[in-house]
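Written below as structure tokens is the structure these notes are about.
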There are 2 protein chains.
Amino acid sequence: MADAHHREFKNRLYAQFARIGKALSSPHRLELLELLAQGERTVDSLATEMGLSLANTSQHLQALRQAALVESRKQGLYVYYRLVEPAVFDVCRAVRTLAEHRLAELDRLVREHFGERASIEPVRMEQLLERARAAEVVILDTRPVSEYAAGHIAGAISVPVDDLQQRLRQLPRNKEYVAYCRGPYCVYADRAVEILRGKGRRARRLLEGFPEWKAAGLPVETGAEV
Amino acid sequence: MADAHHREFKNRLYAQFARIGKALSSPHRLELLELLAQGERTVDSLATEMGLSLANTSQHLQALRQAALVESRKQGLYVYYRLVEPAVFDVCRAVRTLAEHRLAELDRLVREHFGERASIEPVRMEQLLERARAAEVVILDTRPVSEYAAGHIAGAISVPVDDLQQRLRQLPRNKEYVAYCRGPYCVYADRAVEILRGKGRRARRLLEGFPEWKAAGLPVETGAEV
DNA sequence: GTAGTATTCAATAGACTACTTGACTACTGT
DNA sequence: ACAGTAGTCAAGTAGTCTATTGAATACTAC
């Protein structure tokens with residue numbers, strides 16, 4: 001048990017597990033993973049969205065690749081990165097869940113920032129599924145068009161939050177709306193709900209985002225339909 | 001969207017998630033978590049088992065505590081650490097699973113070390129549950145007595161692997177045995193199977209360990225019965 | 001109180017990590 | 001071939017993490 005050979009094996013074993021942990025130990029890398037959970041993206045677009053330098057972003061992505069969490073393909077000038085498998089998002093979510101359960105500071109942080117949000121009363125995934133089946137609601141995907149194209153909730157229409165103002169007249173007044181976005185901490189859906197309500201529509205947000213919906217095995221669509 | 005206030009929030013948010021990731025980024029801390037998944041333990045016993053200095057062990061445990069993964073209680077001279085909730089083990093397992101899926105080096109490492117093990121053909125949890133219900137097998141807990149006492153598979157008897165030789169005569173020859181231990185990479189059960197087979201018993205190991213069994217919600221017992 | 005043990009604290013040296021900068025490669029369009 | 005863009009590589013610096021050491025604290029037994 002205390003023999004050196006076995007200890008050596010154990011150290012190597014846990015060193016391998018720690019490769020995954022190390023990949024998850026940087027805020028920026030976690031954010032990258034969450035963006036990639038929406039669909040594949042180029043280094044450049046990730047860097048721009050996160051406000052990081054290109055070289056820095058590239059290096060973080062390579063750290064993720066060495067931990068076997070992401071892979072890439074090159075197409076023309078661009079390199080597209082994506083998660084290697086859905087299980088990667090599961091791990092991210094497990095980390096997030098634990099943080100939500102146990103970290104008091106996170107709780108405080110979220111309360112401060114989303115103080116108002118409590119009043120909105122989000123829809124849960126199961127509720128939305130039911131109501132969508134009964135065609136009771138219109139589902140709005142408030143993410144950028146590219147993410148909608150990479151995959152979206154079945155039946156949702158793409159209305160990026162920045163375009164919502166202009167497209168309001170296309171959205172009938174007598175319907176009820178549910179907006180969703182990237183995840184529980186993404187504000188796109190919140191803003192959309194705010195705008196819609198300001199214009200007299202009934203609207204709520206989905207608590208979760210598209211990756212959670214997909215991970216739950218609920219119906220999704222991919223492709224070019226608008 | 002690109003406003004500084006929102007970026008600030010995002011940075012703090014992911015910094016919180018990264019606290020969990022950081023805790024999982026050290027091989028020694030992962031090993032500590034797996035030992036604690038067997039039940040609460042003192043700093044001293046953890047340090048001895050892992051071959052670390054006491055101070056170092058204590059510091060790692062405090063890192064885990066700051067990430068809200070473990071908590072401690074003091075009883076007399078000793079400080080007992082334990083996982084704060086079962087979800088902590090879930091995260092560890094998610095990390096392990098991902099590593100098993102995707103890290104080629106881990107695969108190689110395990111093959112090298114357990115080359116022989118392939119021949120043993122482990123029992124899966126569901127199979128064991130069925131056969132235990134039908135009283136077809138004797139289940140042996142090969143871990144140290146303290147871990148057995150902290151919780152074990154319902155109906156299992158405690159036979160620490162180091163005591164197995166002496167207790168062989170208590171184990172009838174005509175029964176079939178299934179040994180289990182701490183987890184898939186723990187060798188106690190393997191050794192037990194080897195010894196049992198060497199003495200003419202039919203024996204196999206459970207692929208998973210006690211924490212996995214418990215996490216799956218299968219029947220467990222706690223307490224002082226031997 | 002004194003001695004002894006378990007644990008934590010504080011300080012430190014060495015290893016590792018993150019981000020920056022500037023050079024370099026790979027590809028596209030002309 | 002040439003210019004321009006996306007991405008990677010290499011090297012440097014500031015900061016962080018790990019393990020060690022020795023001192024300090026908290027408790028028990030006498």
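In what follows, every chain begins at residue 1, and chains take the letters A, B, ... in the order their sequences are listed.
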Checking A:E147, A:E34, A:E31 against A:R182 for salt bridge (charged side-chain N to carboxylate O under 4.0 Å, His left out), the one that qualifies is A:E147

A:L54 atom CG is separated from D:dG4 atom P, nearest whole Å, by 18 Å

> Crowded around A:R73 CZ? As in, over 12 foreign heavy atoms under 6.0 Å?
Replying inline: yes

Point to revise | ring pair (Phe, Tyr, Trp, His ring centres under 6.0 Å) between A:Y185 and B:Y14, worked out | key: CA-CA 10 Å; A:Y185 300 105; B:Y14 284 104; 8.0 Å; no

Here the residues of residues 11-19 of chain A within 4.0 Å heavy-atom distance, strictly under, of DNA chain C are none

Indicate whether OP1 or OP2 belonging to C:dT7 is found under 4.0 Å from a side-chain N or O atom of B:S58.
-> no

In whole angstroms, the gap separating P of D:dT18 from CG of B:L30 amounts to 11 Å

Between CD of B:Q66 and P of D:dT18 the distance, given in whole Å, is 12 Å

*Judged by modelled atom types alone, do A:Y180 and A:D141 share a side-chain donor-acceptor pair under 3.5 Å?*
yes

For A:D90, the salt bridge (charged side-chain N to carboxylate O under 4.0 Å, His left out) test, sequence neighbours excluded, returns A:R93

To the nearest angstrom, the OH-P distance between B:Y78 and C:dA6 comes to 5 Å

- Message: Between B:E212 and B:R96, does any side-chain N to carboxylate O distance fall below 4.0 Å?
- Response: yes

Using a 4.0 Å heavy-atom cut-off across all strands, classify A:T57 as base, sugar-phosphate, or nothing. nothing

Any side-chain N or O of A:Y81 under 4.0 Å from OP1/OP2 of D:dA6?
no

B/S/- along nucleotides 17-30 of chain C (protein heavy atoms under 4.0 Å) is SSBBB----BBS--

note: B:R65, atom CZ; C:dT7, atom P; distance rounded to Å ~ 12 Å

Atom CG of A:D44 and atom P of D:dG4 are separated, to the nearest Å, by 18 Å

Whole-Å distance, B:Q62 CD to C:dA10 P, equals 10 Å

The residue among B:E40, B:R65, B:R41 that forms side chain to side chain donor-acceptor pair (under 3.5 Å) with B:Y81 is B:R65

Quiz prompt | Short side-chain to backbone donor-acceptor contact, A:S58 and A:L54, under 3.5 Å | solution = no

*Test: B:E105 and A:R12 ion pair at under 4.0 Å*: no

